[in-house]
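Notes for the one structure printed next.
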There are 2 protein chains.
Amino acid sequence: MPRSNRERTDATRTVLLDAARKLFIEKGYAETATPEIVAAADVTRGALYHHFPDKKALFWAVIEREANNVAADIDAHSAEASSAREALLQGASAYFDAMAVPGRTRLLLKEAPAQHAIDNGEGEDPAEQGLKIGLSHLLAGSENLKLLDPLTSLISSAFEKAAIAIDCGGKRADYEAAIAALLDGLIAQPRR
Amino acid sequence: MPRSNRERTDATRTVLLDAARKLFIEKGYAETATPEIVAAADVTRGALYHHFPDKKALFWAVIEREANNVAADIDAHSAEASSAREALLQGASAYFDAMAVPGRTRLLLKEAPAQHAIDNGEGEDPAEQGLKIGLSHLLAGSENLKLLDPLTSLISSAFEKAAIAIDCGGKRADYEAAIAALLDGLIAQPRR
DNA sequence: TAAGATACATTCAGTCTGTATGTTTTCTTA
DNA sequence: TAAGAAAACATACAGACTGAATGTATCTTA
């Protein structure tokens with residue numbers, strides 16, 4: 001059965017990404033060898049190195065696809081919120097929902113940072129952007145608005161830690177409550 | 001010049017740990033090959049594999065030594081505090097001081113978690129213990145005390161993120177202020 | 001349909017890890 | 001203090017993996 005080049009490329013890339021995703025989740029990046037990936041995908045290493053410059057490029061392609069899926073999931077479940085506080089809490093809930101897809105936490109919050117540490121020194125995290133906007137509304141009128149950037153960074157890391165903890169069996173309700181407590185504390189408070 | 005076995009062992013282990021530490025900081029664990037380490041330490045791979053079961057064991061020995069040094073540094077600079085809030089802020093300052101030693105942030109907050117992700121699923125972090133105690137005092141009388149464990153976990157991750165940000169050039173004063181803002185927000189507040 | 005481009009397969013060179021074995025130095029004990 | 005044991009270290013090797021080079025089949029297009 002003849003297939004167009006576009007179809008062949010799409011199919012091969014997809015089976016490679018799927019197989020790599022599965023193995024990276026199960027065993028991690030370093031412990032997964034390319035012969036194993038291509039065997040699972042039922043192609044050869046030639047195909048892999050035709051479509052990706054190297055093993056890392058395949059990994060980042062997996063990560064990018066997963067991150068896009070997370071963003072799409074969050075977008076799909078976003079509704080109107082009555083306040084900045086509600087918007088952030090709903091965003092948190094949507095985030096935890098999205099990260100509940102098996103493997104996502106491992107891929108995006110464990111494997112990806114692990115590989116990132118090697119080469120890059122942390123550059124503008126796009127995932128923090130939404131949180132930063134929400135926080136800027138929450139902190140409007142508060143002294144803490146001056147600390148928007150560092151607070152965004154710290155809260156973001158709290159979100160990630162919460163997702164990891166939930167993935168490891170922690171009670172989601174507890175972590176959502178803890179996140180809420182952190183956010184509520186930042187709202188303008190009377191200094192007595 | 002004759003040396004006792006104990007002296008030989010200590011000396012060899014030390015030069016290996018020092019060389020490995022330097023290279024792990026510069027290039028990361030995965031990118032550092034054992035031939036490179038032993039060359040820098042001026043011993044052979046035989047010596048390395050005599051003293052350590054494998055490359056990972058050497059890595060964890062480096063990490064353990066560094067973590068002990070951090071704990072010792074923090075202990076050395078701990079003073080009496082007049083309140084739970086002050087105790088936590090002083091602890092934060094001591095932590096950031098300790099993590100300011102070049103390479104520590106990379107080793108303990110980037111490389112170690114990266115390797116940890118592979119095999120282990122996060123087990124009781126001893127570094128969180130001190131924070132948990134401090135938080136338990138801060139939250140005494142607050143509704144948030146119920147959330148002590150998750151809050152400890154999230155605040156801890158905020159500390160780590162702050163240390164990383166500072167290590168990457170962020171302004172320490174800003175992150176200390178942000179940490180203070182997070183902690184202050186957790187203190188019992190009037191719900192209006 | 002011929003020529004070139006693309007997709008894929010196979011082979012190969014270099015490197016790395018961990019093990020097995022050999023050699024030297026220190027320790028023990030008779 | 002001499003000889004055997006044990007520890008410390010060095011060397012050699014086997015297996016595996018990555019990435020590049022090269023070869024072949026399939027598709028596209030003029």
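Throughout, protein chains are lettered first and strands after them, A, B, ... in sequence-line order, and every chain is numbered starting at 1.
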Write down the distance between NE2 (A:H51) and C1' (C:dT6), rounded to a whole number of angstrom.
9 Å

Let me know the distance between CD of A:E7 and C1' of D:dT28, rounded to the nearest Å.
14 Å

Rounded to the nearest Å, what distance is computed from the CD atom of residue A:E31 to the C1' atom of nucleotide C:dT17?
12 Å

Less than 3.5 Å apart, any donor N or O on the side chain of B:T9 or B:R3 sitting next to an acceptor on the other?
no

For the residue pair B:T14 / B:R65, report whether a side-chain donor-acceptor contact shorter than 3.5 Å exists.
no

salt_bridge(B:R13, B:D18) N-O dist < 4.0 Å
no

Report yes or no: does B:R104 contribute a side-chain atom to a donor-acceptor pair with the main-chain N or O of B:A98 at less than 3.5 Å?
yes

Round to the nearest Å and state the distance from B:R3 atom CZ to C:dC27 atom C1'.
15 Å

Positions of residues 38-50 of chain A (non-hydrogen atom under 4.0 Å from DNA chain D), listed by number
A:R45, A:Y49

Does a side-chain N-to-carboxylate-O contact under 4.0 Å join B:R106 and B:E26?
no

Checking A:D167 now: which residues fulfil side chain to side chain donor-acceptor pair (under 3.5 Å) with it, not counting sequence neighbours?
none

Aromatic rings A:F159 and A:F96: how do their planes relate, parallel, tilted or perpendicular, breaks at 30° and 60°?
parallel

Looking only at side-chain N and O atoms, does A:T12 come under 4.0 Å of OP1 or OP2 in C:dC8?
yes

Rounding to an integer number of Å, can you tell me how far A:L58 CG sits from D:dC17 P?
16 Å

Nucleotide N/O of nucleotides 28-30 of chain C paired with protein N/O under 3.5 Å:
none

hydrophobic_cluster_shared for A:L186 and A:I133, side chain cutoff 4.5 Å:
no

Figure out the CG/P separation between A:N5 and D:dC27, and round it to whole Å.
7 Å

Among all residues two or more places apart in sequence or in another chain, which pass the side-chain contact (heavy atoms from CB on, under 4.5 Å) test with A:E128?
A:D125, A:T152, A:S153, A:S156, B:K161

If you assign B:K55 and B:S4 each to the DNA chain C nucleotide with the nearest heavy atom, which residue ends up on the more 5' nucleotide?
B:K55

Side-chain N or O of A:T9 versus OP1/OP2 of C:dA7: is the shortest distance under 4.0 Å?
yes

Tell me which nucleotide among C:dA7, D:dT18, C:dC27 gets nearest to the side chain of A:R8.
C:dA7

Got a sec? Which of residues 13-21 of chain B come in under 4.0 Å of DNA chain C, heavy atoms?
none

What is the distance, rounded to the nearest whole Å, between atom CD1 of A:I37 and atom C1' of D:dA16?
15 Å

Applying salt bridge (Lys or Arg N to Asp or Glu O under 4.0 Å) to A:D10 and not counting sequence neighbours gives A:R6

Expressed in angstrom and rounded to an integer, what is the separation of B:R6 atom CZ from D:dC9 atom P?
13 Å

Quick one: do B:W60 and B:L58 end up in the same hydrophobic cluster if we chain Ile, Leu, Val, Met, Phe, Trp and Tyr together by side-chain heavy atoms under 4.5 Å apart?
yes

Taken to the nearest 0.5 Å, the spacing of A:T34 OG1 from A:Y49 OH works out to 4.5 Å

